[in-house]
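The model shown is predicted, which means the values in this text are computed figures rather than measured ones.
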Amino acid sequence: MYNSKIIGLGKYVPENVVTNNDLSKLMDTNDAWIQERTGIKERRWIDKNSEDTSAVMGAKAARIAIERSGLTKDDIDFIVFATLSPDYYFPGCGVQIQDMLEMPTIGALDVRNQCSGFIYAVSVADQFIKTGMYKNILVIGAEYHSGGLDKTTRGRSVSVIFGDGAGAAVMSRAENTDHGILSSHLHSEGKYAKELIVEGPNIKHWVPQMLEENNPDDISYFPYMNGQHVFKHAVVRFSEAIMEGLAANKLEKEAIDMLIPHQANLRISQFIQKKFGLRDNQVFNNIQKYGNTTAASVIIALTEAWEAGKIKDNDLVVLAAFGSGFTWGSVVIRW
């Protein structure tokens, strides 16, 4: 059986910076309130005149990742695209990437696991490579949140958190089984699905019905989050997923060189850092700049950490995420 490794990383975020002070002009909030609860100072939102979408941003990040990998688009055998905000209800963004990058008629798979989407996508790609089915796989996480947020005081508890952006990784076959993706660990608990959800549109509440009703108080198509409930579960599941990954590889927490947590809330990351006794240079956070970019957050953070030289050869890198579903998981990598 083969092993898989990441050989190219790329990211793209919109140019439009939205600060907390900018949001205070749209809703009853302020910089201190947002930073105290989330750690976020600013985020990127796609400008209304921009052509960016989840797929377009994913393609931009993918081009960078492919170039850095030393491969060409024609070397890619398969695409895995993670997002909760696809350009269309269907088809998914994966086939758009195949078209945008003018790739051969390779397969494309879409992953809908929200905040843990990139973790799930890496796990899928890893298994395809390990079994020998594919050699080089393009994995993308991208989100266009800003087009679907309630940017009023009514929706402020959610809208201040989320940002737009994309990241991409090229995963490739490795002969050295001591390096690369060591293991991945995935979980779900669907009984909490409605604690973090967008209920409409759906088959029972389809768009024509919404338009016919034209109910200005219908908020089912805006994100809803039970923040305290999500936070309480997140700190537990983050810890469990990290420990599970370490135990599977017979490693102690002291072996972690870099933890890349999903950028959901800086307070969650700080809680996990303290619990594991990790130094500031062992945990990478960029939620302060980008907010929560859901399926894009881990790959954007991983790319930035690598670009900054904070990840070196032979480092033990742990990726971990928790989010809507609830779903959560971890990936352990020997860089």
Student: Any chance NZ of K310 has more than 12 other-residue heavy atoms, nucleotides or ligands included, within less than 6.0 Å?
Tutor: no
Student: Regarding S269 and N285, is there a side-chain donor-to-acceptor distance under 3.5 Å anywhere?
Tutor: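 Checked: S269/N285 side chains pair up, N/O donor to acceptor below 3.5 Å.
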Student: Under a 4.5 Å cut-off applied to non-hydrogen side-chain atoms, are H179 and N314 in contact?
Tutor: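 Yes - at least one pair of side-chain heavy atoms lies under 4.5 Å apart.
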Student: Taking atom types as modelled, find out whether N136 and S172 have a side-chain donor-acceptor pair closer than 3.5 angstrom.
Tutor: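 Present: a donor and an acceptor within the cut-off.
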Student: Can a side-chain donor-acceptor contact be found between D150 and S159 if the only test is distance below 3.5 angstrom?
Tutor: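 Result is no, nothing qualifies.
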Student: Do D126 and S123 pair up side chain to side chain, a donor and an acceptor below 3.5 Å, judged on atom types alone?
Tutor: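 Checked: D126/S123 side chains show no N/O donor-acceptor pair below 3.5 Å.
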Student: Judged by modelled atom types alone, do E143 and S85 share a side-chain donor-acceptor pair under 3.5 Å?
Tutor: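 A pair is found: one side chain offers a donor N or O, the other an acceptor, under 3.5 Å apart.
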Student: Show me the donor-acceptor pairs, under 3.5 Å and distance only, between side chains in residues 228-236 and residues at least two apart or in other chains.
Tutor:
{"from": "H229", "atom 1": "NE2", "to": "H233", "atom 2": "NE2", "distance (Å)": "3.3"}

Student: Starting at OG of S239, measure out to CD of E244 and round the result to the nearest 0.5 Å.
Tutor: 12.5 Å
Student: Walk me through whether S330 and H185 qualify under side chain to side chain donor-acceptor pair (under 3.5 Å).
Tutor: CA-CA 5 Å; S330 63; H185 310 272; 4.8 Å; no
Student: With a 4.5 Å heavy-atom cut-off, do L101 and I66 have their side chains touching?
Tutor: yes
Student: Are more than 12 heavy atoms, taken from residues, nucleotides or ligands other than K151, located less than 6.0 Å from that residue's NZ atom?
Tutor: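 Atom NZ in K151 is packed in, count exceeds 12.
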Student: Is it the case that atom CD in E307 sees more than 12 heavy atoms from other parts of the structure closer than 6.0 Å?
Tutor: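 Enclosed: over 12 neighbouring heavy atoms sit under 6.0 Å from CD of E307.
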Student: With sequence neighbours excluded, give me every salt bridge (Lys or Arg N to Asp or Glu O under 4.0 Å) pair touching residues 50-66.
Tutor: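 Matches after skipping sequence neighbours: D52-K60.
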Student: Please identify each residue that fulfils side chain to side chain donor-acceptor pair (under 3.5 Å) with N281, with sequence neighbours left out.
Tutor: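 R279.
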Student: To the nearest 0.5 angstrom, please state how far the CG atom of N30 sits from the CD atom of E36.
Tutor: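 With rounding to 0.5 Å, CG (N30) is 9.5 Å from CD (E36).
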Student: According to the interplanar angle, ranging from 0 to 90°, do the rings of W328 and F322 count as parallel (below 30°), tilted (30 to 60°) or perpendicular (above 60°)?
Tutor: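 Taking F322 first and then W328, their aromatic rings sit tilted (interplane angle of 30° to 60°).
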Student: Assess the side chains of E304 and N286: does a donor N or O sit below 3.5 Å from an acceptor N or O?
Tutor: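 Yes, side-chain donor-acceptor contact under 3.5 Å.
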Student: Would a 4.5 Å heavy-atom cut-off, applied to side chains only, mark Q273 and D280 as touching?
Tutor: yes
Student: Would Q35 and N20 count as having a side-chain donor-acceptor pair, cut-off 3.5 Å?
Tutor: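 No.
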Student: Does a side chain donor of either T327 or S188 reach within less than 3.5 Å of an acceptor in the other side chain?
Tutor: no
Student: When you check the gap from the basic side-chain N to the acidic O, do E189 and R237 get nearer than 4.0 Å?
Tutor: yes
Student: Are S116 and N113 close enough, and set up right, to give a side chain to side chain donor-acceptor pair (under 3.5 Å), and what steps lead you there?
Tutor: CA-CA 6 Å; S116 58; N113 283 83; 4.7 Å; no
Student: When you compare the side chains of N292 and H145, does any donor N or O come within less than 3.5 Å of an acceptor on the partner?
Tutor: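 The answer is no; no qualifying pair exists.
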Student: Testing the 3.5 Å rule here: is there a donor-acceptor pair between the side chains of S24 and N21?
Tutor: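 No donor-acceptor contact under 3.5 Å links the two side chains.
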